[in-house]
Amino acid sequence: MATREPKIIALVCNWCTYTAADLAGTSRLIYPANVRMVRFMCTGMIDVKYIIKAFLEGADGVFVGGCHPGDCHYINGNVKAERRISGLQVLLEQFGIDPKRFTLKWIGASEGPEFQRNMQEFTRTIAELGPQIESDMMIL
Amino acid sequence: MEKTKSQFLVLGAGVGGICSAIDLAETGYSVTLVEKGPRTGGIMPQLDHQFPDDHCGMCRMLPMVDREPGAQTCLKRGLSHPNIRILTHTTLTDLSGNPGDYTAVLTSVSRGVDALRCTRCMACIDVCPVSVLDAFNDRAGDRNAIYQPFFGNPEALPTIDWDNCTRCGECAQACPNSAIDLERVELTESVAPVSGVIVAGGNPLYDPAVTDLYGYGVLPNVVTATAFERILSGSGPFRGQPVRPSDGHPIRRVAWIQCVGSRNVMIGAGHCSSTCCMFAVKEALLAKKTLGSDTDTTIFYMDMRTYGRDSQRYRDRAEEESGVRFIRCRIHSVDPADDPGDLKLTYLDDLGQPGEATFDMVVLSTGAGVQKELPPLLADKTDQGAVVTIGPEAGLQDIRETVLRAHGAVSSLLEKLNMDSRAKTIPKTGRAGDKSVNRFMQQPVIQVLVLDNGVVKAPQVEWPAIEGRLERSPGNIFVNRLSIIDGKDLSLELETVLKETRGNRLLVVSNHIAGYRATLTKRFEEAGFSAPLVEWVDLNRNDVSMGTETIQPDAAMKPIQVALMRLLHKRPSRGMAQVVENSALVIGAGPAGLSAAVSLAEQGVVVHLVEKEISIGGNGPRIQDEHQRRPIDQLIVRAKGHPNISIHTGATLGALSGRPGHFEGWVVKENMEIPLSFGAAIIATGGTPAITEAYGMGKHPPLVSHFDFEKKVLDPRFAEDTLNTVVMIQCAGSREEPRNYCSRTCCVKALDNALRVRQLFPHARIVIFYRDIMTYGKSEELYAKARTRRIRFIPFNKSKPPVVRTEGDTVVVDGFDPVMGEAVHLKADWVSLAVGMVPKPIHDLCRLLEVPVTPDGFVHEADAKWRPVDTINPGVFVCGLAKGPLRADEAVAEGTAAALRALRLLNRTELAPQRHSAVVRHAICSRCYLCVDSCPYGARFVEPVLGQVEVDPVACQGCGTCASVCPNSATVMGENEDFTVMNVIEAALM
Ligand code: FES
């Protein structure tokens with residue numbers, strides 16, 4: 001197994017989790033550098049195909065972060081996202097991707113430390129799993 | 001953007017100040033927002049959670065319609081709007097001239113830190129030897145004399161607290177960029193002409209240290225409610241790992257003591273502070289969430305004032321589902337318990353039994369403090385009409401009330417200044433002919449500006465390596481490097497680059513950009529690069545630099561690539577601009593509707609006022625108290641005589657089509673159908689006293705409602721009869737399911753009636769059975785007065801209400817008085833019941849207007865706190881009893897607030913589609929209509945002729961839910977369409 005830094009991508013909502021990441025930054029909380037952030041207006045617009053795409057592009061882990069239920073800026077986008085994404089775990093398994101490589105978390109705008117902790121934890125999980133091996137992915 | 005002409009001054013940048021500044025800015029005026037302290041936001045940045053959804057939500061105050069100019073995210077971290085200039089550390093020192101044409105003199109104190117040179121490395125804060133109690137954490141933590149006032153804003157500047165700074169010079173020495181100047185400088189500027197001033201001074205909280213109540217200041221584990229919220233907060237002194245301040249023990253048992261500094265005549269505070277009850281309930285739930293659900297949370301209270309529409313259910317849930325304990329009593333004192341740090345409370349519970357309990361922490365629910373006097377400078381101008389205050393007379397207010405008052409203040413200011421808002425220039429973005437728009441249309445060519453900042457503490461970057469990679473990236477890319485050395489003026493170089501560039505998109509990459517952003521944005525704007533054409537990459541961020549001094553090109557390229565991708569896919573907004581009609585429909589001509597109609601009409605809007613009854617006024621004319629009725633009578637007269645208002649009585653709304661900005665429909669009146677078209681609608685359908693069978697109401701003649709009893713008492717014949725006993729029972733049929741809300745008005749009505757009876761019959765027995773007396777704010781004084789007039793108050797629990805029965809011809813009320821510890825049997829001449837209010841049936845109307853209704857039949861507002869008179873339909877607003885129980889004067893105030901919100905829409909001549917709005921590609925749409933149901937804003941509709949799905953670009957807020965449910969990818973999300981996102985993901989993982 002090749003040893004390379006795990007590639008992690010975080011798809012986050014603009015209003016809460018992205019703000020929390022900023023807060024973590026200003027509080028000088030260090031979180032792993034291998035996290036790449038892509039900002040969306042709301043988790044409600046995160047299509048399942050984006051997550052698959054991320055895996056195809058070589059991500060070892062995909063993190064989706066949004067506002068807590070009830071706090072979505074667009075009323076209930078996060079709840080819809082959760083409903084949609086819950087089916088994904090099974091799908092990933094079938095595609096030969098360990099479902100643990102994907103996680104959905106609610107992190108509020110004021111929860112900088114929470115963001116840091118989640119990032120650290122997720123990075124650790126992914127590091128333990130090792131890199132996603134391309135040939136394991138059935139879709140290819 | 002075109003410059004606006006009239007300008008306003010808003011003093012105080014708390015919730016009320018920010019809200020009115022945004023209102024004015026969005027109505028098209030320019031605003032100078034002046035704040036004495038170091039930051040904006042008031043108390044909000046200190047609180048992370050609010051009732052009812054236990055989150056912040058302040059950002060919901062930001063524009064939802066035509067929102068691009070005010071595009072930003074978290075209001076707790078600051079505000080940016082092209083029409084608002086923010087001055088912190090600033091006070092108003094003089095105001096002269098006449099209404100509509102004042103000259104203001106503003107004095108600002110320097111921050112001591114140079115915004116351009118500071119890299120926010122915070123070395124200064126680390127070395128500062130001074131430590132003071134941090135007001136931001138309400139003394140639950142320390143800070144230095146140089147500190148960062150805006151927690152969580154990466155660009156916020158450290159600031160020197162001049163009062164505590166010892167001028168030791170450590171910070172200046174530690175600063176690698178000599179950004180610190182230890183001399184306090186005052187600068188004065190004059191602003192003219194100022195059309196009007198809004199004073200939003202806020203309300204100070206009561207300081208329990210003053211009276212040494214409950215050991216505050218002596219016992220470290222006794223804190224204020226604000227401090228406790230900070231202790232629990234992720235950004236607070238314990239960084240989200242809360243422990244007991246005295247010894248770092250875990251917090252397992254917490255007690256709240258209500259009414260500290262309120263409802264206490266002994267300390268000269270006879271008022272109720274209105275907000276603390278819900279604050280405590282929310283905080284108890286928050287404590288359970290943060291500290292563990294088994295945490296013992298107990299609230300010691302006198303009356304739980306859950307008088308808001310949703311408050312009672314919230315409290316019930318806290319008690320029944322989360323196990324928050326509520327004990328009715330007044331705590332005498334707080335003493336140290338045997339175990340060090342623990343606190344002992346002794347009390348008598350509501351059954352008169354003595355109780356004792358030990359807690360880890362005691363939280364004091366501090367209410368309003370001493371109201372600041374308005375400086376004479378402003379005080380003598382308030383009656384001129386152009387200086388308006390946001391509700392200090394009402395005392396401490398919760399967010400919802402503050403927001404309403406802010407809307408109302410702006411509305412009355414504009415009304416008084418007689419501004420026809422249509423005549424004003426509204427910020428315009430993305431219009432054809434604009435240089436920026438033309439740029440948008442072109443194939444993307446990217447101009448990269450590398451700003452190499454020479455400040456020492458900024459991370460070092462190997463620019464040539466990055467530039468090389470950029471130039472090799474696909475696409476048309478040009479790179480220029482500009483060096484910022486020692487705060488050097490860049491303008492000349494920048495101008496040349498911007499003039500000569502072939503690029504039509506800008507990417508700014510820098511190792512330290514904070515401080516320059518605002519000026520650069522303005523420059524770019526002038527050169528025809530509006531904000532959407534520009535992307536910024538600041539490499540001086542923790543997640544890029546990882547706290548190291550040099551940034552690896554690899555690490556730097558990650559965010560740069562993402563930004564590049566985004567730029568390559570930027571596109572102009574599609575779809576047609578929508579014309580806005582300068583007219584409104586107001587449904588319901590009660591106090592709220594009349595007030596909204598008159599306020600709109602005064603500002604040049606044509607108003608159609610539709611009323612179901614044959615006369616206008618709603619519940620207004622039925623108000624018995626002449627003093628309260630007069631303003632409504634006046635409104636009736638004004639509405640009838642106003643040239644801009646056409647009144648349709650005996651009429652209802654028959655049908656409706658169209659979208660916000662342009663609706664069409666007809667009103668049905670005596671089988672006639674009158675066609676109408678209008679830009680916005682205001683629901684003010686009102687409510688009526690509830691019909692209840694509680695306590696046998698309707699069966700025994702002496703049982704009447706408070707309203708009917710009031711009429712009887714005011715009838716001169718009433719005094720001629722004999723009267724021995726009057727019994728009043730509060731909350732009859734309300735505050736329990738299915739009508740589980742407080743009607744807000746009945747307690748005051750009961751007290752009014754009781755006092756009137758007392759005047760007529762000095763010896764009569766008057767007994768009021770109550771659950772909680774809801775005399776919030778000033779009306780608490782009425783309650784205090786009633787208690788001195790031998791009116792007997794008997795509390796009861798909802799599980800053990802008093803019993804009304806008949807004994808022959810007489811009605812007897814049986815109950816139990818816990819204070820006296822005895823059962824009571826009262827033969828009553830009259831039994832008056834607080835029946836409460838219910839909304840008029842509105843389901844059909846709301847279906848027409850596409851607005852949701854609460855289970856109780858009230859109109860559901862867009863957000864209970866931050867958008868109290870909006871609905872999720874951007875063209876429909878709501879006020880008065882249709883939305884929740886309230887007093888007549890509150891309804892009138894809500895009416896003006898709703899008028900202002902409608903005006904924000906109506907004062908535009910047209911609404912441009914937003915770049916984020918969704919568009920449907922009809923060619924690949926299979927018409928499954930999944931998207932229509934999924935849209936939370938009702939912005940999608942099926943076009944009746946072709947059956948195509950259309951999107952209202954104004955109602956669409958760009959959340960993208962539709963795009964992610966579309967099986968064919970036929971819905972395109974403006975800038976965030978699939979193609980872009982896929983590319984961005986690819987770039988991020990490169
Ligand atoms: S806005 Fe954050 S999840 Fe919807």
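Proteins get letters first, then strands, A, B, ... in listed order; numbering begins at 1 in each.
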- Query: Under the side-chain contact (heavy atoms from CB on, under 4.5 Å) criterion, do Met982(B) and Lys49(A) qualify, and how do the steps go?
  - Reply: CA-CA 9 Å; Met982(B) 292 296 198; Lys49(A) 62 181 177 262; 3.8 Å; yes
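Taking CD1 from Ile985(B) and CZ from Phe55(A), the interatomic distance works out to 11.0 Å, rounded to the nearest 0.5 Å. For the atom pair NZ (Lys80(A)) and SG (Cys962(B)), the distance works out to 9.5 Å, reported to the nearest 0.5 Å. Between the CE atom of Met41(A) and the OG1 atom of Thr961(B) there is a distance of 12.0 Å, given to the nearest 0.5 Å. Between atom CD of residue Glu977(B) and atom CE of residue Met45(A) there is a gap of 11.5 Å, rounded to the nearest 0.5 Å. Summarising the geometry, atom CG belonging to Asp71(A) is positioned 5.5 Å from atom CZ belonging to Arg60(B); distances are rounded to the nearest 0.5 Å. Distance CZ/Arg36(A) to CD/Gln561(B): 9.5 Å, rounded to 0.5 Å.
Interface residue Asn76(A): only side-chain heavy atoms are found under 4.5 Å from chain B. Contact annotation for Cys13(A): neither backbone nor side-chain heavy atoms come within less than 4.5 Å of a heavy atom of chain B. Using a 4.5 Å cut-off between heavy atoms, Arg117(A) touches chain B through its side chain atoms alone. With a 4.5 angstrom heavy-atom cutoff, Ala963(B) touches chain A only via backbone atoms. Looking at Asp863(B), there are no atoms closer than 4.5 Å to chain A (heavy atoms on both sides), in backbone or side chain.
Note on Gly960(B), Pro559(B), Cys959(B): by heavy-atom pairs under 4.5 Å with chain A, the leading option is Cys959(B). Each of Met990(B), Gln241(B), Glu986(B) has some count of heavy-atom pairs under 4.5 Å with chain A, and the biggest count is that of Glu986(B). Contact tally against chain B (heavy-atom pairs below 4.5 Å) for Gly112(A), Ala59(A), Ala109(A), Cys42(A): the top residue is Ala59(A). The greatest number of non-hydrogen atom pairs below 4.5 Å with chain A, out of Val984(B), Val965(B), Val981(B), Ile872(B), is found for Val981(B).
Nearest heavy-atom pair, Pro936(B) versus Ile75(A), reported as atom, atom and distance to 0.1 Å: O-CD1, 3.8 Å. For Tyr74(A) against Tyr937(B), the heavy-atom pair with the smallest separation is CA-OH, 3.2 Å.
Side-chain atoms of Ser964(B) come within 3.5 Å of backbone atoms of Gly44(A) as a donor-acceptor pair (strictly under, hydrogens ignored).
Side-chain contact between Arg566(B) and Val38(A): present, with at least one pair of heavy atoms (C-beta onward) separated by less than 4.5 Å.
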